[in-house]
Amino acid sequence: MKLSIIVPMLNESTGLPDLCEHVVPLARSGVEIIFVDGGSQDGSEAIAHAAGFRVLTSAAGRARQMNAGAAASSGDVLLFLHADTRLPPGAMIAIAQALRSHQWGRFDVRIAGKPMALRMVSALMNWRSRLSGIATGDQGLFVTREAFEAVGGFADQPLMEDIDICRALKTGGKPACLALQVVTSGRRWEQRGVWRTIALMWWLRWRYWLGTPVEDIARAYR
C-alpha cells in the first residue's frame, strides 16, 4: 500500500508548524504528504514549504483543493486530513488492515477543547456515522484511489462535500469505521458556542437532505 495524505489549507499558519511536525515521521516512513493551499494570506504556504513539504495551489474551496491534491498524488490509497486534525498512533497500520475488506473508511473523532459538552458531541458524531455510513471531513476520510476515481472525486461544491462523497462511496460498500480516534480542534465550536454550533450544523444538514442548493447552505454557514 502506498499512502498519500492530502491536506487542504487556507490561512492555517497558527497550527501549521505543529501539523508539519506531526506528519514528518510519516513522510520519513514513505508516506506522500501534499499540502494544497487555497490562497492563504498568512504565510501558510511558506511555512509548509519551509518544513520541506510539497505545496500545491488551487482555487479556494476544500473540495477543489482535495481533488487537486488527489490528482497530483501517486498513492493507491488517499487520506484527506484537515489542517486542524491529528492522526492517532498506529493510523497507517489500521488503514492497511481496514482496506483488506473495505474500499474506504474513517476514524472515530475526539473534539479537543475545554467545554465538557464536546465529549458528548464527539460521541454523537461517531455514533451517527456508524449508523448512517456517512463520515465528516474531521474524521480522516481514507479511500482507495480506485474507489475515489470511480465516484468522480469530491463534488465541486462549497460545503457538504464530505457527505456527498460518502453517499457515493456507500454504493460500493460500507465504510470501515475505525475506533482509533483522530483529534480535531474544537475552535469553531468554542468560538460560536457548542450548543449553537450543534443547532447550526443539524439545521444545515437538514436543509441539505431536503435538497436546498448547497450555495445557499454555504452562505448560511458563513
Side-chain angles (χ1 to χ4, degrees), residues 1-12 15-16 19-20 22-23 26-27 31-38 40 44 48 53-88 91-92 94-96 98-99 102-111 125-126 129 133-170 172-178 180-185 188 214:
M1 177 187 84
K2 180 173 182 180
L3 178 68
S4 296
I5 297 179
I6 296 152
V7 183
M9 63 179 182
L10 181 63
N11 296 325
E12 296 286 352
L16 201 53
L19 174 61
C20 290
H22 175 69
V23 297
L26 298 176
V31 175
E32 181 180 44
I33 314 287
I34 299 177
F35 288 83
V36 188
D37 189 72
S40 295
S44 290
F53 291 105
R54 181 182 179 189
V55 183
L56 308 178
T57 57
S58 81
R62 189 170 276 160
R64 292 178 179 179
Q65 291 169 244
M66 292 189 291
N67 282 338
S73 68
S74 59
D76 57 325
V77 175
L78 308 173
L79 168 60
F80 299 95
L81 184 68
H82 286 187
D84 60 356
T85 300
R86 304 293 180 264
L87 294 167
M92 302 305 103
I95 290 173
L99 292 180
H102 296 76
Q103 292 184 312
W104 68 292
R106 87 327 174 251
F107 294 87
D108 274 358
V109 66
R110 178 171 66 83
I111 304 172
M125 286 175 62
N126 298 329
S129 178
I134 300 294
T136 68
D138 292 328
Q139 291 178 287
L141 180 68
F142 56 88
V143 59
T144 65
R145 179 178 296 277
E146 181 180 10
F148 181 78
E149 293 180 347
V151 300
F154 291 97
D156 186 7
Q157 57 191 51
L159 205 66
M160 305 292 179
E161 76 287 338
D162 46 2
I163 293 177
D164 183 87
I165 197 170
C166 288
R167 283 178 175 175
L169 289 169
K170 277 178 64 177
K174 295 180 179 180
C177 296
L178 303 186
L180 282 177
Q181 293 182 340
V182 294
V183 179
T184 194
S185 170
R188 76 172 185 265
V214 72

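Test F107, F148, W104 against F142 for ring-ring contact (aromatic ring centres under 6.0 Å, His included) and you get one pass: F107. Just one of L81, L16, T57 meets the side chain to side chain contact (heavy atoms under 4.5 Å, CB included) condition when paired with F35; it is L16.
The line from OG of S58 to CG of D37 is 8.0 Å long, rounded to the nearest 0.5 Å. Atom-to-atom distance recorded for I6:CD1 and L78:CG is 4.5 Å, nearest 0.5 angstrom. To the nearest 0.5 angstrom, D138 atom CG is 8.0 Å from D162 atom CG. In this structure, M9 CE and L19 CG are separated by 9.0 Å, a value rounded to the nearest 0.5 Å. The distance from atom CD1 of I33 to atom OG of S73, rounded to the nearest 0.5 Å, is 11.5 Å. Expressed to the nearest 0.5 Å, how far CG of D76 lies from CE of M1 amounts to 7.5 Å.
Scanning both residues, A135 and R106, for their nearest heavy atoms gives CB-CG, 3.5 Å. Summarising the geometry of I134 relative to S129, their closest heavy-atom pair is O-OG, 2.9 Å, with the distance given to 0.1 Å. For the pair I95 and L178, the tightest heavy-atom approach, listed with the atom from each and the gap, is N-CD1, 4.4 Å. Taking every heavy atom of both residues into account, E161 and R62 meet most closely at OE2-CD, 3.6 Å. Considering all non-hydrogen atoms of both residues, L56 and G69 come closest at CD1-CA, 4.2 Å. Contact record, R64 with A59: NH1-CB, 3.8 Å, taken as the closest heavy-atom pair.
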Go through the steps to decide whether S4 and R145 satisfy the test side chain to side chain donor-acceptor pair (under 3.5 Å), and finish with yes or no.
CA-CA 10 Å; S4 296; R145 179 178 296 277; 4.9 Å; no
Report the C-alpha distance between V36 and M66 in whole Å, list the side-chain angles of each, state the deciding distance to 0.1 Å, and finish with yes or no for side chain to side chain contact (heavy atoms under 4.5 Å, CB included).
CA-CA 7 Å; V36 188; M66 292 189 291; over 6 Å; no
Applying side chain to side chain contact (heavy atoms under 4.5 Å, CB included), run through M125 and I111 and close with a yes or a no.
CA-CA 10 Å; M125 286 175 62; I111 304 172; 3.8 Å; yes
Apply the test side chain to side chain contact (heavy atoms under 4.5 Å, CB included) to residues L141 and F154: give CA-CA distance (whole Å), side-chain angles for both, the deciding distance (0.1 Å), then the verdict.
CA-CA 12 Å; L141 180 68; F154 291 97; 4.2 Å; yes
Working note: I5 + L87, criterion side chain to side chain contact (heavy atoms under 4.5 Å, CB included); need CA distance, chi angles, decisive distance, verdict.
CA-CA 11 Å; I5 297 179; L87 294 167; 4.1 Å; yes
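The closest side-chain heavy-atom distance from M92 to L3 is below 4.5 Å. Put simply, the side chain of F53 does not reach to within 4.5 Å of the side chain of V7, judged on heavy atoms.
Under a 3.5 Å cut-off, the side chain of Q103 and the backbone N or O of G173 do not form any donor-acceptor pair. A donor-acceptor pair under 3.5 Å is formed between the side chain of S44 and the backbone N or O of E12. With N126 contributing its side chain and V109 its backbone, the two residues share a donor-acceptor pair below 3.5 Å.
Enclosure of atom CD in E146 is not indicated, since only 12 or fewer non-hydrogen atoms of other residues, nucleotides or ligands lie within 6.0 angstrom.
Contact check on R86 versus D84 returns no salt bridge, with no Lys/Arg side-chain nitrogen under 4.0 Å from an Asp/Glu carboxylate oxygen.
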